[in-house]
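First the structure, in the form of structure tokens, and then the observations on it.
Proteins get letters first, then strands, A, B, ... in listed order; numbering begins at 1 in each. Please read these numbers as outputs of a predicted model, since none were measured by experiment.
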Amino acid sequence: MSADRHPVYDVAVIGGGVVGCAVLRELSRYELKLLLLEKASDLAEGISKGNSGVIHAGFNVPTRSLKARTNVAGLKLVYELAETLGVPHRKTGKLVVALADEDRRRLEELKSQGDRSGVAGLEIVDEAAIRRLEPLARARWALYSSHTGIISPYEFTIALAECAAQNGAEVRLEAGVEAVAFEGGLFRLSTPQGTFAARRVVNSAGLFADEVARLAGIDAYRVFPCRGEYLITDKDCGLRLGMPVYPVPPRDDPGLGIHVTPTLEGNIILGPSAEPIEDKFDAASTRPVMARLKAEAGRLMPGLDRVSYIHSYTGIRPKLVDPRGGDTFADFVVEESPRRPGWVNLVGIESPGLTAAPALAEMVVAMLGVRLDLRLKPEFNPERPVRRRFAALDDDKRSRRVAGNADWGEMVCRCEHVTRAEVVEALRNPFGARTLDAVKRRTRCGMGRCQGGFCTPRLVEILQDEGVPVEKISKRGSDSRLFTGRIKGGT
Amino acid sequence: MSAAIPRQSCDVAVIGGGPAGLAAALGARRAGASKVLLVEREKALGGILNQCVHDGFGLFLYKETISGPEYAERLIEDVVKEPIRVETGAMVLDLSAERVLRINSRAGYRLVEAGAVVLAMGCRERTRDQIEIPGTRPAGVLTAGSAQNLVNLQNLRIGREAVILGSGDIGLIMARRLAFEGIAVKGVFEILPWVSGLERNVRQCLLDFGIPLELRSTVVEIRGRDRVESVVVAEVDEKLAPVAGTERIIPCDTLLLSVGLIPENELARRAGVELSPLTGGAVVDETLMTSTPGVFSCGNVLHIHDVADWASFEGFAAGERAARYAAGERGGGETVSVSAASNVRYALPQRVSRGLAGVEWSFRVRRPVRDAVVEVKGRTSGRVYARRKFPRLLPSELQKIKVGPAVEEDLEVVSP
């Protein structure tokens, strides 16, 4: 047991998704020794990267549910946090459109549900108003939500963790919890990185929260994986979508229905489907769904059959009810286990979890506060080191950057205009995430239309310059290695 | 705009230092331009030629066959003899219709005003997602050109067992390259009933190495969580849709894609250049000038070439015309439009000055044909301006047809 090498942590958070990272940051306000354990090679590798990136207003979930309460509370917090942490985001507004006559009534229902939950800025609008709000959308009636927005979910997650790390929290990657023991009032968490002792544990392991709870002897949950496939267009596809456009949520769909969402860079995201699957790792895209995404999204916004798609991805929702059954709604579970006092489980945090995350974090801290002595840290810094993208700078700033450090003059990614300076900075992140996907999420290298065709060979050189041996260069850790060695001269 | 940013000027700015751009810089000098700037984003001149270590270049330009790096070297030797300002590791980030370039390099960020501009940025490869291959997203899926860079320039072993989708030239060349290095190539799969690459490459890269080629078949799924574990291939029907029941699982750890090249025209778009949906490149006149005055285009950024020599010939011509434009020469006058019809996929140039004689067109066909008569005809009059018999026409080959008489009307290039 190597626990003695490490200090005893006041709180260990399991899972580096948006919820875990929001909890970590919220806890980092206090005089606490904190640790976050993430199984993957980077943060936001699970549900937090595979979603629509929408900041939800909160009208889609039943009033008084925990989902509704944390969503409505989280909405304001997400905007504030994104501002404080310098995470790109935009309050775009959103339309839920009625495609059939009977949908009009559903719009009224959604609006009154939202009104009851305290969602501001909801309005039923007619065809003329729809055209004015979003010229690409087609419908007779729509519910317009003025406070809905978009955010990069993985950048938000990483920013939360960076802020926490700056305030003293430790983050360990490739440190999935494999066993849990209890000794002397401490939880001992065994990972491939060693065993860590903590007084309190927050289980925000997403899709695997049920399995992690079971390791602690809490056999109370079952997560049903429900896959959602997405397609993403070229940002120069000729269509400029201003705001997310959703259909009225189909009754037989365990999600919100296939919708279209703009990204901050100008791509359009189509999806997601909702398909129950057996294997939590089965992130495959499928031919029939890819065709369905275009067909259904095309009903919301014509022209999508002619544009070019640059990428597909999937996200897997952690459902608490079997999507094959009759019930489609289950609330978030946030509770301290009566069996294991000091162990808090967050289970079934699907949509609107991204928006709710900061509110869920406050809730978790309040729960832990009952047993923990929470003293505010006077030196807590709510921000994080702000990074500017070269592509977003004006001529004058670009010129000065390059004059100060020639790495700003070396273009690595031709599609997204990313410089060597940004890549090197990304590789030196405080968590030690040094995969191609980690660089991609931090810089956009490889997210453009060549999909890494040109920048991968250059990234491979820079990774080696930064001390990563060729055999260790990987797409996203574990066995996703790019190379089996050298062609000539050594293996 | 701040005064702090350096502003420079030149007569002709050539963007891209590959086979077309090197030739364009030389062409500009030969036509008398005194200040020629050649901008290359890689650290060395030569473009994709540098990673093409195989033989087969130079047959038309140098009348002998040499490797890509040797071909590049010959052009580079000529370039460095000239007072051409070469900037490598420098990328043009923006080009305005007024021919102001924004260039970034380790030497600094600056603006350059050019009397004329030659676009020679080349092309990029189609990716997995553009052809929408379903499945997982593991490591080990890469385009043939990226693989060529990693293997030939970085000495890296990209896997142990590979499948190649698409029969483009780079895919065929890479099949042989991997076989040389002991990486098993389990097959090349092509969705069309014919090969996209040159016949000589099929012979020299596949047949000679016993690598199987399957036409009318494609990869319908990629499997594997972290690294590719297998691909599923299937036959396709006449509409190119996979035929159920023909699926076959091929274990492999690498999938190379050679499924098409796309002219890289982001800068052209920024400069307001009209692009052709048929070529993916600019619409040009007989001087290779685009719809944006003073902006010329050549090589693979204009249309995809089958051999590098033709990209260089186009480069010489574009450079020369750009120099003449920078010196004040203006064509002007009326133009006729040229379109492609029936089996001709495209014909280039798409615009020609009315009354001009002796114009030559490059064209490609959609499907292979034997004993084909290609004609250049008046679109309304039906008058035949040129007629040439070809024993065989292949989609993989760029062909030429020349018109003797002066053109007086809109034309179309037709082949059965």
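- A donor-acceptor pair shorter than 3.5 Å cannot be found between the side chains of A:Asp234 and A:Tyr309.
- Defined by atom type and a distance below 3.5 Å, a donor-acceptor pair is missing between the side-chain atoms of A:Thr233 and A:Asn267.
- For chain B, the nearby part of A:His417 is the side chain; its heavy atoms alone come within less than 4.5 Å.
- The only member of A:Lys440, A:Arg442, A:Arg434 that meets side-chain hydrogen bond (donor to acceptor under 3.5 Å, both in side chains) when paired with A:Asp42 is A:Arg442.
- With 3.5 Å as the limit, one finds a donor-acceptor pair spanning the side chains of B:Arg137 and A:Ser285.
- Heavy-atom distances place the side chain of A:Arg420, and not its backbone, under 4.5 Å from chain B.
- For A:Arg401, no part lies under 4.5 angstrom from a heavy atom of chain B.
- Interface residue B:Glu181: only side-chain heavy atoms are found under 4.5 Å from chain A.
- Residues A:Met290 and A:Leu231 form a side-chain contact, since some pair of their non-hydrogen atoms from C-beta on lies under 4.5 Å apart.
- Panel note: side chain B:Glu264, backbone B:Cys123; no donor-acceptor pair is recorded below 3.5 Å.
- Across B:Asp129, B:Asp253, B:Thr143, the residue that shares the most heavy-atom pairs under 4.5 angstrom with chain A is B:Asp129.
- Per-residue heavy-atom pair counts under 4.5 Å with chain A were compared for B:Arg223, B:Arg126, B:Glu266, B:Lys43, and the maximum is reached by B:Glu266.
- Ring-plane geometry between A:Phe208 and A:Phe281 is classed as tilted, the angle between the planes lying from 30 to 60 degrees on a 0 to 90 degree scale.
- Contact of B:Leu142 with chain A is not made at all, since no heavy-atom distance falls under 4.5 Å.
- Between A:Ile232 and A:Ile268 there is no side-chain heavy-atom pair separated by less than 4.5 Å.
- Only the side chain of B:Asn149 comes within contact range of chain A, with heavy atoms under 4.5 Å apart.
- B:Gln130 touches chain A through backbone and side chain together, each having a heavy atom under 4.5 Å away.
- Heavy-atom pairs under 4.5 Å with chain B were tallied for A:Val470, A:Thr286, A:Asp407; the largest tally goes to A:Asp407.
- Between A:Trp408 and A:Glu422 the shortest side-chain heavy-atom distance falls below 4.5 Å.
- Counting heavy-atom pairs closer than 4.5 Å to chain A, the top residue among B:Thr127, B:Val220, B:Asn104 is B:Asn104.
- Using a 4.5 Å cut-off between heavy atoms, A:Ile310 touches chain B through its backbone atoms (N, CA, C, O) alone.
- Among B:Gly135, B:Ser146, B:Ala139, B:Gly89, the residue with the largest count of heavy-atom pairs under 4.5 Å with chain A is B:Gly135.
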Walk me through whether A:Glu275 and A:Arg227 qualify under salt bridge (Lys or Arg N to Asp or Glu O under 4.0 Å).
CA-CA 5 Å; A:Glu275 183 195 353; A:Arg227 184 170 64 197; 2.9 Å; yes

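- For chain B, the nearby parts of A:Arg398 are the backbone and the side chain; heavy atoms of each come within less than 4.5 Å.
- In terms of non-hydrogen atom pairs under 4.5 Å with chain B, the most contact-rich of A:Gly452, A:Ser308, A:Ser478 is A:Ser478.
- Among B:Leu178, B:Ile183, B:Val151, the single residue meeting the side-chain contact (heavy atoms from CB on, under 4.5 Å) criterion with B:Arg157 is B:Ile183.
- Note: A:Arg287 leads A:Arg287, A:Arg481, A:Lys475 in heavy-atom pairs under 4.5 Å with chain B.
- If you measure heavy-atom distances from A:Glu229 to chain B, you find no contacts under 4.5 Å at all.
- Most heavy-atom pairs under 4.5 Å with chain A, from the set B:Asp94, B:Leu150, B:Leu153, B:Asn155: that is B:Asn155.
- Ranking B:Glu125, B:Arg128, B:Arg160 against chain A, the residue ahead of the rest is B:Arg160, based on heavy-atom pairs under 4.5 Å.
- Remark: the backbone N or O of A:Ala283 is paired with a side-chain donor or acceptor of A:Thr314 at under 3.5 angstrom.
- Using a 4.5 Å cut-off between heavy atoms, B:Glu221 makes no contact with chain A at all.
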